[in-house]
K.L.:
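Have a look at this one before I ask anything.
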Amino acid sequence: MPELPPPITVVGIGADGWPGLATASRAALRAAEVVIGGPRQLALLPADEAAAERVPWPSPLRPAVPGLLAAHAARRVAVLASGDPMFYGIGRTLAETVGPERLRVLPHPSSVSYACARLGWPLEATEVVSLVGRPLHTLTLALHPGRRLLVLSADAQTPAAVAALLTARGFGTARLRVLEQLGGPDERQLDGPADGWPHPGGDPLNVIAVALGDGPRTSLVPGLPDDAYESDGQLTKRHVRAATLATLAPAPGELLWDVGGGSGSIAIEWLRAHRDNRAVTVERSAVRAERIGRNAAALGVPRLRVVTGPAPEALAGLPTPDAVFIGGGLTAPGLLDACWAALPPGGRLVANTVTLESEALLTAWYRRHGGELLRLAVAHAVPVGGFTGWRQAMPVTQWSAVKPSTDPGASS
């Protein structure tokens, strides 16, 4: 039986450096033959206490992790991380690379724990948003009147960028408190309103506490107002959109294909349902694809992946979806077949149409695969002279189905 490689010890360290480390963490660093970490973390180790070879992470970090660990596989390796390695830290990448059973994690209090302690905020009631390696617009999804947020900064300029975003989104009265070097001897706090943030960039190691006051109210459930989207008219309208998302039934971590993205509303509201959800929208028009990207950023889900090209050709190579929505192009040869074939057993497909030709196609698929075929009709009250009457929107035919483990219609 081959000898197992030594475990990788992951040591969390704070701004207080070596003096703030627990006994077990100091012992692990003394015993290590090589210590890997960022230059800032490595600089916190005194040479007379930790004599191991020091190896800084290269950039970009994630692609380099497997090779770097393999190069030192026979040695006792310790990895330095900021605070709690398993909270937005290197611990996740290491666990995904070598497996959690290879890791021995020795956490330090996270910057979020320190911040809540300084502010007197209950940790479980405080939302955390990381902007480290993520677009600034990621913060938009968390903006609701009266909420408290902790924002993990990417650098010294993040507080000013956050203040500008809050002001642009209608939360200029929000109060910001920047907590620098938490737990270290140079700890400092800066305070001010988002509108007219008065402080220049300070220490890059900072956390931003945001107390939101009045501002625009945005619903958490599907069915945002149509005017929340920039659109050329290719938009799944609000009430049909809410019904469609309910049928798609997003669950945490699932991946959606939104085929015929239009304005991107289905994919965007799928992503808004949970921060771990993923979505790819496929749109043949480059102009609309760019518009989808703007809508995704404005509504707090810049992680939406936009693929420009015609379906089904543009679907090749995409990761396996948990659900597929087809909002346009149903009559394109092979589109429904490609989407159905891409789904694993238990995957959901929902298709909407307003044309008779596509309705006939969906009816045929309903007969072959079962599922549910329905018509959604919405009417709005409008003035009729001095009275009020109903104006009917075009009815939408919707077919939805869950792919079985054995598909009776596969060979039809």
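Below, all heavy atoms of this structure are taken into account, side chains as well, without hydrogens, waters or symmetry copies. The structure displayed is predicted, hence computed values, not measured ones.
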K.L.:
State the CG-CD1 distance between Leu69 and Ile36, to the nearest 0.5 angstrom.
P.N.:
5.5 Å
K.L.:
Please answer whether the main-chain N or O of Asp258 pairs with a side-chain N or O of Thr281 as donor and acceptor at a distance below 3.5 Å.
P.N.:
yes
K.L.:
Do any pairs count as a ring-ring contact (aromatic ring centres under 6.0 Å, His included) and have a residue in residues 232-267, sequence neighbours left out, and if so which ones?
P.N.:
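Of all non-adjacent pairs touching residues 232-267, those that pass ring-ring contact (aromatic ring centres under 6.0 Å, His included) are His239-His380.
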K.L.:
Do the side-chain N and O atoms of Arg62 and Thr93 include a donor-acceptor pair separated by under 3.5 angstrom?
P.N.:
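Per modelled atom types, Arg62 and Thr93 side chains form a pair under 3.5 Å.
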K.L.:
Is there a donor-acceptor pair under 3.5 Å between the side chain of Gln41 and the backbone N or O of Gly38?
P.N.:
yes
K.L.:
State whether the side chain of Lys403 and the backbone N or O of Leu343 hold a donor-acceptor pair below 3.5 Å, judged by distance alone.
P.N.:
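Flag set: sc Lys403 to bb Leu343 pair under 3.5 Å.
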K.L.:
Is any side-chain heavy atom of Thr353 less than 4.5 Å from a side-chain heavy atom of Trp399?
P.N.:
no
K.L.:
Does the distance from a Lys or Arg side-chain N to an Asp or Glu carboxylate O, for Glu283 and Arg291, drop under 4.0 Å?
P.N.:
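No, this pair does not count.
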K.L.:
Verify, without hydrogens or angle tests, whether Thr247 (side chain) and Ala243 (backbone) share a donor-acceptor contact under 3.5 angstrom.
P.N.:
yes
K.L.:
Counting only heavy atoms not in Arg175, do more than 12 fall under 6.0 Å of its CZ?
P.N.:
yes
K.L.:
Using the rule side chain to side chain donor-acceptor pair (under 3.5 Å), only one of Lys237, Arg241, Arg238 pairs with Asp226; which is it?
P.N.:
Arg241
K.L.:
Any sub-3.5 Å donor-acceptor pair from Ser59's side-chain atoms to Leu61's backbone N or O?
P.N.:
no
K.L.:
side-chain contact (heavy atoms from CB on, under 4.5 Å) for Leu349 and Cys339? Distances and angles first, verdict last.
P.N.:
CA-CA 8 Å; Leu349 190 148; Cys339 291; 3.9 Å; yes
K.L.:
Are any of the side-chain heavy atoms of Ile8 and Val98 separated by less than 4.5 Å?
P.N.:
yes
K.L.:
So, for Pro159 and Val178, which heavy atoms are closest and what is the spacing to 0.1 Å?
P.N.:
CB-CG2, 3.7 Å
K.L.:
Are the side chain of Thr244 and the backbone N or O of Val240 linked by a donor-acceptor pair below 3.5 Å?
P.N.:
yes
K.L.:
Distance from Leu190 atom CG to Leu179 atom CG, nearest 0.5 Å?
P.N.:
8.5 Å
K.L.:
State, yes or no, whether a side-chain contact exists between Glu96 and Leu94 at a heavy-atom distance under 4.5 Å.
P.N.:
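No, side chains not in contact.
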K.L.:
Please assess Glu254 against Arg348 for the test salt bridge (charged side-chain N to carboxylate O under 4.0 Å, His left out), listing each intermediate value before the final yes or no.
P.N.:
CA-CA 11 Å; Glu254 290 188 326; Arg348 291 95 63 203; 2.8 Å; yes
K.L.:
Between Leu29 and Val11, is there a side-chain heavy-atom distance shorter than 4.5 Å?
P.N.:
yes
K.L.:
Would you call the rings of His369 and Trp340 parallel, tilted or perpendicular if under 30° counts as parallel and over 60° as perpendicular?
P.N.:
tilted
K.L.:
Would you kindly say whether Ser130 and Arg134 are connected by a side-chain donor-acceptor distance under 3.5 Å?
P.N.:
yes
K.L.:
Would you indicate whether the side-chain heavy atoms of Phe87 and Ser113 approach each other to under 4.5 Å?
P.N.:
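The answer is no, as the side chains (C-beta and beyond) never meet within the 4.5 Å cut-off.
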K.L.:
Indicate the atoms forming the closest heavy-atom contact of Asn352 with Leu330, along with that distance.
P.N.:
O-CD1, 3.7 Å
K.L.:
Walk me through it: do Val307 and Leu315 pass the test side-chain contact (heavy atoms from CB on, under 4.5 Å)?
P.N.:
CA-CA 9 Å; Val307 174; Leu315 305 177; over 6 Å; no
K.L.:
Go through the steps to decide whether Thr140 and Arg169 satisfy the test side-chain contact (heavy atoms from CB on, under 4.5 Å), and finish with yes or no.
P.N.:
CA-CA 8 Å; Thr140 301; Arg169 296 295 181 203; 3.7 Å; yes
K.L.:
Restricting to pairs with a member in residues 319-334, which pass side-chain hydrogen bond (donor to acceptor under 3.5 Å, both in side chains), not counting sequence neighbours?
P.N.:
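Those involving residues 319-334 do not exist here.
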K.L.:
So which atom in Leu248 and which in Val324 form the shortest heavy-atom distance, rounded to 0.1 Å?
P.N.:
CD2-O, 3.8 Å
K.L.:
Check whether any side-chain heavy atom of Gln398 lies under 4.5 Å from a side-chain heavy atom of Val350, and answer yes or no.
P.N.:
yes
K.L.:
Mark yes when over 12 heavy atoms from residues, nucleotides or ligands other than Arg391 sit less than 6.0 Å from its CZ; otherwise mark no.
P.N.:
no
K.L.:
Take atom CZ of Arg284 as the centre, draw a 6.0 Å sphere, and report whether it contains more than 12 heavy atoms from other residues, nucleotides or ligands.
P.N.:
no
K.L.:
When you measure from the side chain of Arg76 to the backbone N and O of Ala31, does any donor-acceptor pair fall under 3.5 Å?
P.N.:
yes
K.L.:
How about Arg54: does its CZ atom have over 12 heavy atoms from other parts shown lying under 6.0 Å from it?
P.N.:
yes
K.L.:
Assess whether a salt bridge exists between Arg288 and Glu230, defined as any Lys/Arg side-chain N lying under 4.0 Å from an Asp/Glu carboxylate O.
P.N.:
no
K.L.:
Can you tell me which residue among Asp203, Asn206, Asp16 is in a side chain to side chain donor-acceptor pair (under 3.5 Å) with Gln181?
P.N.:
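Among the candidates, only Asp203 passes.
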K.L.:
So which atom in Asp337 and which in Trp365 form the shortest heavy-atom distance, rounded to 0.1 Å?
P.N.:
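What the structure gives for the nearest pair is OD1-CZ2, 3.6 Å.
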K.L.:
So, taking the atom named CZ in Arg294 and the one named OG in Ser263, what distance separates them when rounded to the nearest 0.5 Å?
P.N.:
10.0 Å
K.L.:
Nearest heavy-atom pair of Leu123 and Cys116: which atoms, and what distance?
P.N.:
CD1-SG, 3.6 Å
K.L.:
Are any of the side-chain heavy atoms of Arg278 and Arg303 separated by less than 4.5 Å?
P.N.:
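Not in contact.
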K.L.:
Provide the closest heavy-atom pair for Ala78 versus Ala32 in the form atom of the first, atom of the second, distance.
P.N.:
CB-CB, 3.8 Å
K.L.:
Under 3.5 Å, is there a donor-acceptor pair linking the side chains of His144 and Arg147?
P.N.:
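There is no such pair between these side chains.
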K.L.:
Kindly say whether His199 contributes a backbone atom to a donor-acceptor pair with the side chain of Trp197 at under 3.5 angstrom?
P.N.:
yes
K.L.:
Let me confirm one number: the CG-CD distance from Leu205 to Glu180, rounded to the nearest 0.5 Å.
P.N.:
8.5 Å
K.L.:
What's the spacing between Leu271 CG and Arg305 CZ if we round to 0.5 Å?
P.N.:
13.0 Å
K.L.:
Less than 4.5 Å apart, any side-chain heavy atom of Thr218 and any of Leu224?
P.N.:
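A side-chain contact under 4.5 Å exists here.
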K.L.:
Determine whether the side chains of Thr397 and Glu359 contain a donor N or O and an acceptor N or O closer than 3.5 Å.
P.N.:
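A donor-acceptor contact under 3.5 Å links the two side chains.
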K.L.:
The test is side-chain contact (heavy atoms from CB on, under 4.5 Å); show your working for Val151 and Leu139 and say whether it passes.
P.N.:
CA-CA 8 Å; Val151 181; Leu139 179 60; 3.9 Å; yes
K.L.:
Provide the full list of ring-ring contact (aromatic ring centres under 6.0 Å, His included) pairs with a residue in residues 89-143, sequence neighbours left out, each pair given once.
P.N.:
none
K.L.:
If I take atom CD from residue Gln234 and atom OG from residue Ser265, how far apart are they, to the nearest 0.5 angstrom?
P.N.:
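Those atoms lie 10.5 Å apart.
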